[in-house]
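This chain uses plain numbering: 1 for the first residue, then up along the sequence.
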Amino acid sequence: MAKAGIYSLLKEHALEATCFLLIFGLFFSRAILSISLPIMLLIAINSFYHHQKINPIKLKHYFFIGLYILICLSIWNTTDKVTWLNILFKNSFLWVLPLVFIFAKKPGEATIQRLVSFFGFCGVLCISIDLVWILSHQQIYKEIIAKSGSITSVLGPYHTELGLLYSIAFTALWMSLLNQKEPIKKRIIIALLILFLMGLIIIAQRFTLISLLLSGLFFIGRELIITKNYKYLGYALLLFLAAIIVYQKVPAIKQKVIYTKNDIISLVENQNPNYLSISQRWAANKCAIEVIKNNVFIGVAPADLKHEMDEQYALNSYWLIPQNRVFIHNQYLYFLASYGVILSVFIFIGGLIILFKEITHNIKFLAFIIPIILHMFTDNTMERQISGISVVFLLLLFTNFKIKTLSER
């Protein structure tokens, strides 16, 4: 009886356990992340085999599977079959995760709440480990900050993907706080949020801080409009004041702002872009736009895009030396260059419809959407394993997280 009870318990929570595994892998281990996907798929197939029932198939399921089909079909337009196979394998999450949530038993509200909270806790743990490293390597930290460099996470992924993860994690933890009724747990989450924010400021995580600032201003403005309570105007002013104080008192933030300002000035004045992050990415975008102009209707196929950009760089270096000629860092331009204008328009429309539906259903989800949209302007988000899985997982599961804002309570 005991064995049967344990087996039943494992069977009932198998998908939830692998979701925890996937979230942990996003922050700490690509190996665990890669293992979790096929396990989730096997659990989903087993669930369907026993229940003979699937969950409602929505536009977002078709959308992600459709993106993968586009990669498959691009073989007719590609010359680099090896890279094409690599992209197929790397982007397999586009069809695995939708199928998992179609065939597996639908997670309950309590399960989703636990997963949302765990995502936030993983973010706190990841940044806490980095803070411990900073405390034990203060001289190295000061040297990195003086050069406006990015702190490499001890266990976490590359900082561009980590910025998106931190944005999602902080938002998830904040929503867990709003959904929490027990005073003790509320205090714990508040303490974790403070620690998280302090960590983001100390490591000067530019992308996450900008995303959170924009999200905060949006929801403060929304509450002000709905409630007509002008205390929210005071909250906005306090937010700006806090940002100014942090800029003045935290060397890491001040140096990052100065570096960003100088980078933008260099870009506007058409100065040497080498070794300047924003300028190099802007040059890559200009290179990609030329590729798009030369292949307007059908694109060049994802596998051939790097080769096409290299050829364009050979024609116009945009003042970049060879080692600084980076690949495109913009998801929207990536789609246009890979699939052409016509297919890309359908992709953009489909994506906007999905986001609009989710926001209409749950306006709080916009707090997750803002960093995703911003990230796609600064990186080819869906082509990277960690950021891509984060986006798909979030859109498929976290949209079901129910919570009320202050004006709705």
Side-chain angles (χ1 to χ4, degrees), residues 4-27 32-33 36-64 93 96-124 168-182 184-186 188-189 192 354-355 357-369 389-405 408-409:
I6 293 171
Y7 174 76
S8 178
L9 184 67
L10 290 173
K11 184 178 176 182
E12 185 70 21
H13 296 281
L15 180 62
E16 180 182 354
T18 50
C19 285
F20 280 119
L21 199 64
L22 181 141
I23 293 170
F24 183 85
L26 286 171
F27 283 93
I32 291 176
L33 180 63
S36 65
L37 288 173
I39 294 176
M40 290 175 75
L41 185 60
L42 289 174
I43 290 170
I45 293 171
N46 181 66
S47 176
F48 174 72
Y49 175 77
H50 284 92
H51 297 95
Q52 297 292 313
K53 183 181 178 181
I54 64 173
N55 297 315
I57 304 176
K58 299 181 179 179
L59 177 61
K60 54 189 175 184
H61 299 101
Y62 289 117
F63 180 77
F64 292 124
F93 62 86
V96 171
L97 285 174
L99 289 186
V100 165
F101 292 111
I102 288 172
F103 291 114
K105 184 179 178 182
K106 186 176 180 180
E109 176 65 19
T111 297
I112 297 173
Q113 288 185 19
R114 287 193 291 269
L115 292 172
V116 169
S117 298
F118 184 70
F119 205 110
F121 294 149
C122 282
V124 174
I168 296 172
F170 192 92
T171 303
L173 206 56
W174 180 262
M175 290 191 174
S176 296
L177 173 65
L178 296 178
N179 213 42
Q180 187 55 246
K181 296 179 180 179
E182 298 181 30
I184 295 177
K185 289 184 178 180
K186 275 191 173 184
I188 292 173
I189 295 174
L192 291 176
I354 291 170
L355 296 182
K357 282 186 174 182
E358 299 300 343
I359 294 169
T360 303
H361 174 69
N362 187 350
I363 187 64
K364 287 79 65 183
F365 190 69
L366 189 61
F368 289 120
I369 295 297
I389 290 175
S390 300
V391 171
V392 177
F393 185 75
L394 185 145
L395 284 168
L396 291 175
L397 187 64
F398 282 13
T399 49
N400 297 317
F401 187 60
K402 298 176 182 178
I403 186 170
K404 294 180 179 180
T405 56
E408 294 169 333
R409 295 182 182 184

Worked check of side-chain contact (heavy atoms from CB on, under 4.5 Å) between L396 and H61: CA-CA 8 Å; L396 291 175; H61 299 101; 3.7 Å; yes

Closest approach of L173 to S117 (non-hydrogen atoms, all atoms of both residues): CD1-O, 4.3 Å

Gap separating the CH2 atom of W174 from the CD1 atom of I189, nearest 0.5 angstrom: 11.0 Å

Side chain proximity check, C122 to L26, heavy atoms < 4.5 angstrom: no

Distance in Å, I354 CD1 paired with L395 CG, rounded so as to fall on 0.5 Å steps: 7.0 Å

Shortest non-hydrogen contact between G123 and A169, atoms and distance: CA-CB, 3.9 Å

Which residues share a side chain to side chain donor-acceptor pair (under 3.5 Å) with S36, sequence neighbours left out: none

Stepwise side-chain contact (heavy atoms from CB on, under 4.5 Å) test for V100 and T18: CA-CA 11 Å; V100 165; T18 50; over 6 Å; no

Distance, nearest 0.5 Å, that separates CG of L41 from CD1 of I45: 4.0 Å

Spacing of L97 atom CG and L22 atom CG [to the nearest 0.5 Å]: 6.5 Å

L37 vs I389 side-chain heavy atoms within contact, under 4.5 Å: yes

Ring centers of F103, Y49 separated by less than 6.0 Å: no

Separation of I369 CD1 from L355 CG (nearest 0.5 Å): 4.5 Å

E358 side, atom CD; F368 side, atom CZ - distance, nearest 0.5 Å: 12.0 Å

F20: side chain to side chain contact (heavy atoms under 4.5 Å, CB included) partners, not counting sequence neighbours: E16, R114, L115, F118

Heavy-atom check, side chain of I43 versus side chain of I39, under 4.5 Å: yes

Test ring pair (Phe, Tyr, Trp, His ring centres under 6.0 Å) applied to F64 - qualifying residues, sequence neighbours left out: none

Steps toward side-chain contact (heavy atoms from CB on, under 4.5 Å) verdict (F101, M40): CA-CA 9 Å; F101 292 111; M40 290 175 75; 4.3 Å; yes

For A172 against G120, the heavy-atom pair lying closest together: CB-N, 4.2 Å

Chi angles and distances behind the side-chain contact (heavy atoms from CB on, under 4.5 Å) call for S47, L15: CA-CA 9 Å; S47 176; L15 180 62; over 6 Å; no

